[in-house]
Amino acid sequence: MRPHVSVLRLPRGPDPNGRGFDPNSPRFIALCPTTISASTETGTDSVQIREEQRARSVLRESFLRTLIAMTNKQVQFHMYERVKVEAKFGASDIDVLNFQVSELHTPIGVQKEALLRCQDVISYSFDL
Amino acid sequence: MAMRQTPLTCSGHTRPVVDLAFSGITPYGYFLISACKDGKPMLRQGDTGDWIGTFLGHKGAVWGATLNNEATKAATAAADFTAKVWDAVTGDEVLTLAHKHIVKSVNFTQDSSCLLTGGNDKIIRIYDLNKPEAEPQEITGHTSAIKKALWCNNDTQILSAADDKTVRLWDRNSTEVVKQLSFDMSVSSMEYIPDGEVLVITYGKTIAFYNALSLDMIKTVDAPASIHSASLHPDKDFFVAGGDDFKLYKFDYGTKEELESYKGHFGPVHCVRFSPDGELYASGSEDGTLRLWQTAVGKTYGLWKCVLPGEFSCLMPNN
């Protein structure tokens with residue numbers, strides 16, 4: 001019986017918790033264009049970059065805090081195709097792709113537990 | 001002693017894998033993208049099969065996927081009536097191109113400036129990625145759903161295969177048909193090899209090789225089973241094919257002799273492609289997996305290790 005070729009290990013599979021594209025990989029660090037718009041202009045002012053980054057950090061932190069504040073609150077979602085639904089917000093996944101909600105009131109009934117696809121949401125509002 | 005092939009199984013997809021494509025060789029190696037009916041195309045390191053990331057955004061089965069040569073951009077074609085362009089480094093969606101029906105095929109030009117799409121609305125479209133809001137150039141003529149549309153002849157011409165049982169060669173500027181091939185049955189796959197201008201077409205149990213410029217037939221080879229996809233080795237000494245009987249076949253291109261057949265997949269093989277360096281080939285199957293196969297069985301490459309008699313091996317797979 002012929003022996004099988006040996007392998008060092010098996011190919012690594014997907015990470016169940018995220019979508020990958022490790023920002024610490026050499027390729028990412030070398031190739032990833034900066035997403036800060038100020039720095040893509042010529043004659044960049046490093047103060048401008050810092051200020052823009054600070055603004056982005058503030059906005060991002062506010063957004064994350066709204067997600068925390070929303071937990072277990074009634075939230076109204078405005079979605080595409082003129083859909084308006086209301087539900088009790090549970091949580092968001094790490095990439096903000098899906099919102100976990102309960103008691104989702106839809107035009108065709110109440111769904112006890114549901115996932116809302118964030119791409120389909122235009123805006124949402126809730127009372128603090 | 002001749003060794004037995006150990007395919008490397010890449011898991012992660014939850015539905016059939018219907019298309020796959022390699023990038024060119026980049027300073028970071030080469031990469032592989034897989035299109036899957038689960039709607040989540042994945043990027044993998046080409047020589048190891050290690051998962052790098054999943055492109056999230058499509059709302060339906062992804063029928064076609066491709067990478068540009070530098071593996072900096074990816075494009076996908078899906079049943080949600082869109083083609084999407086992605087940043088293949090960050091995984092971010094860059095562009096969504098709305099179509100009027102299921103999109104089946106996407107292909108970048110060599111310089112990544114234009115994207116070719118084709119699908120069930122029977123129209124080939126050319127998008128200028130520097131002006132994405134502009135209306136795409138349209139090429140009409142096919143009378144059935146387009147399966148594959150590829151740039152050829154230095155991106156001056158386009159090859160398309162459709163369910164109308166034709167393969168057509170179009171001039172990009174005039175959008176007219178230059179030449180046409182008709183078959184008795186639908187073409188199941190098409191591969192274009194720029195170096196040497198070879199076109200590999202599969203239909204029924206046949207793998208056919210054509211000159212991509214003249215569409216003159218070079219040769220045909222019949223396999224033991226219905227073939228869904230075939231790929232010619234960069235050195236043009238071998239080709240591999242897979243289809244309905246779940247096996248991968250390796251043939252000598254010169255003599256047309258069947259050299260080997262490999263079992264491994266648990267479902268029909270939908271796509272097979274050689275890596276840009278020819279050291280391995282990847283297959284995608286109805287069973288939801290991709291498998292990597294060595295061209296030279298037993299050679300040390302990627303995750304495969306050549307173990308000489310008496311040496312201690314790290315991992316011996318179960319049969």
Side-chain angles (χ1 to χ4, degrees), chain A residues 1-37 39-40 53 56 59-60 63 77 79-81 83 85 91-100 106 114-122, chain B residues 1-13 26-29 31 40 42-45 48-57 59 70-72 86-93 290-292 294 297-307 309 311-319:
Chain A
M1 174 100 136
R2 286 185 296 159
H4 276 275
V5 177
S6 307
V7 293
L8 297 170
R9 58 170 174 83
L10 298 176
R12 291 190 200 108
D15 172 8
N17 297 320
R19 68 184 176 109
F21 299 102
D22 180 11
N24 297 316
S25 74
R27 191 171 92 112
F28 192 110
I29 292 165
L31 296 179
C32 185
T34 175
T35 53
I36 301 175
S37 58
S39 62
T40 59
Q53 184 55 24
R56 285 172 180 268
L59 288 169
R60 175 70 176 170
F63 171 67
F77 296 91
M79 305 177 79
Y80 285 96
E81 303 293 337
V83 170
V85 294
S92 168
D93 65 5
I94 192 147
D95 290 313
V96 195
L97 289 169
N98 296 290
F99 284 163
Q100 178 255 316
T106 79
L115 282 181
L116 292 180
R117 198 163 41 195
C118 292
Q119 271 176 284
D120 297 344
V121 177
I122 298 172
Chain B
M1 187 197 310
M3 305 204 78
R4 296 222 283 166
Q5 167 93 260
T6 304
L8 292 168
T9 303
C10 307
S11 57
H13 284 305
T26 82
Y28 303 93
F31 299 85
K40 300 185 185 143
M42 291 186 178
L43 184 72
R44 295 176 189 272
Q45 193 69 42
T48 58
D50 287 339
W51 175 80
I52 292 174
T54 304
F55 298 102
L56 297 172
K59 296 179 190 176
E70 302 79 29
T72 50
W86 312 79
D87 181 319
V89 181
T90 63
D92 292 335
E93 185 184 315
L290 277 117
R291 273 164 217 253
L292 304 182
Q294 280 191 291
V297 178
K299 188 173 171 181
T300 294
Y301 181 85
L303 297 176
W304 291 287
K305 179 141 173 58
C306 176
V307 175
E311 260 182 42
F312 218 76
S313 59
C314 303
L315 184 71
M316 285 300 273
N318 292 326
N319 192 354

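Just so we're on the same page: letters track the sequence lines, and every chain starts at 1.
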I'd like to check the salt bridge (charged side-chain N to carboxylate O under 4.0 Å, His left out) partners of A/Arg27; sequence neighbours left out, ordered by chain and number.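 By the salt bridge (charged side-chain N to carboxylate O under 4.0 Å, His left out) rule, A/Arg27 matches no residue at all.
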Contacts of type salt bridge (charged side-chain N to carboxylate O under 4.0 Å, His left out), residue B/Glu93, not counting sequence neighbours: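 Expected list: B/Lys84.
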Write down the atom of [X], the atom of [Y], and the distance for their closest heavy-atom approach.
| X | Y | value |
| --- | --- | --- |
| A/Leu8 | B/Gly302 | CD1-O, 4.1 Å |
| A/Val7 | B/Leu8 | CG1-CD2, 3.6 Å |
| B/Gly298 | A/Val5 | N-CG2, 3.6 Å |
| A/Pro14 | B/Ser11 | CD-O, 3.5 Å |
| B/Tyr28 | A/Ala30 | OH-CB, 2.9 Å |

I'd like to know which of B/Thr26, B/Leu303, B/Thr72, B/Thr54 tops the heavy-atom pair count under 4.5 Å against chain A.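 So the answer, after comparing B/Thr26, B/Leu303, B/Thr72, B/Thr54, is B/Leu303.
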B/Pro27, B/Cys10, B/Ala88: which one forms the most heavy-atom pairs within less than 4.5 Å of chain A?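 The answer is B/Ala88.
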Nearest 0.5 Å, please: how far is [atom2] in [Y] from [atom1] in [X]?
| X | Y | atom1 | atom2 | result |
| --- | --- | --- | --- | --- |
| B/Arg4 | A/His4 | CZ | NE2 | 4.0 Å |
| B/Ile52 | A/Arg12 | CD1 | CZ | 10.5 Å |
| B/Leu56 | A/Asp93 | CG | CG | 9.0 Å |
| B/Thr90 | A/Asp22 | OG1 | CG | 12.5 Å |

Under 4.5 Å heavy-atom distance to chain A, tell me which part of [X] shows up: side chain, backbone, both or neither.
| X | answer |
| --- | --- |
| B/Gln45 | neither |
| B/Leu292 | neither |
| B/Thr300 | neither |
| B/Phe31 | side chain |

CG of A/Leu59: more than 12 outside heavy atoms within 6.0 angstrom?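 More than 12 within 6.0 Å, yes.
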Verify, without hydrogens or angle tests, whether A/Arg19 (side chain) and B/Gly91 (backbone) share a donor-acceptor contact under 3.5 angstrom.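 Checking the backbone N and O of B/Gly91 against the side chain of A/Arg19, a donor-acceptor pair under 3.5 Å is found.
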Please check if the distance between the ring centroids of B/Phe55 and A/Phe21 is under 6.0 Å.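 That pair passes the under 6.0 Å test.
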Flag the one option from A/Gly20, A/Pro23, A/Ser25 with the top tally of heavy-atom pairs under 4.5 Å to chain B.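 Among A/Gly20, A/Pro23, A/Ser25, the one with the most close pairs to chain B is A/Gly20.
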Criterion side chain to side chain contact (heavy atoms under 4.5 Å, CB included) on B/Val297 and A/Arg2, from CA distance to verdict: CA-CA 12 Å; B/Val297 178; A/Arg2 286 185 296 159; over 6 Å; no
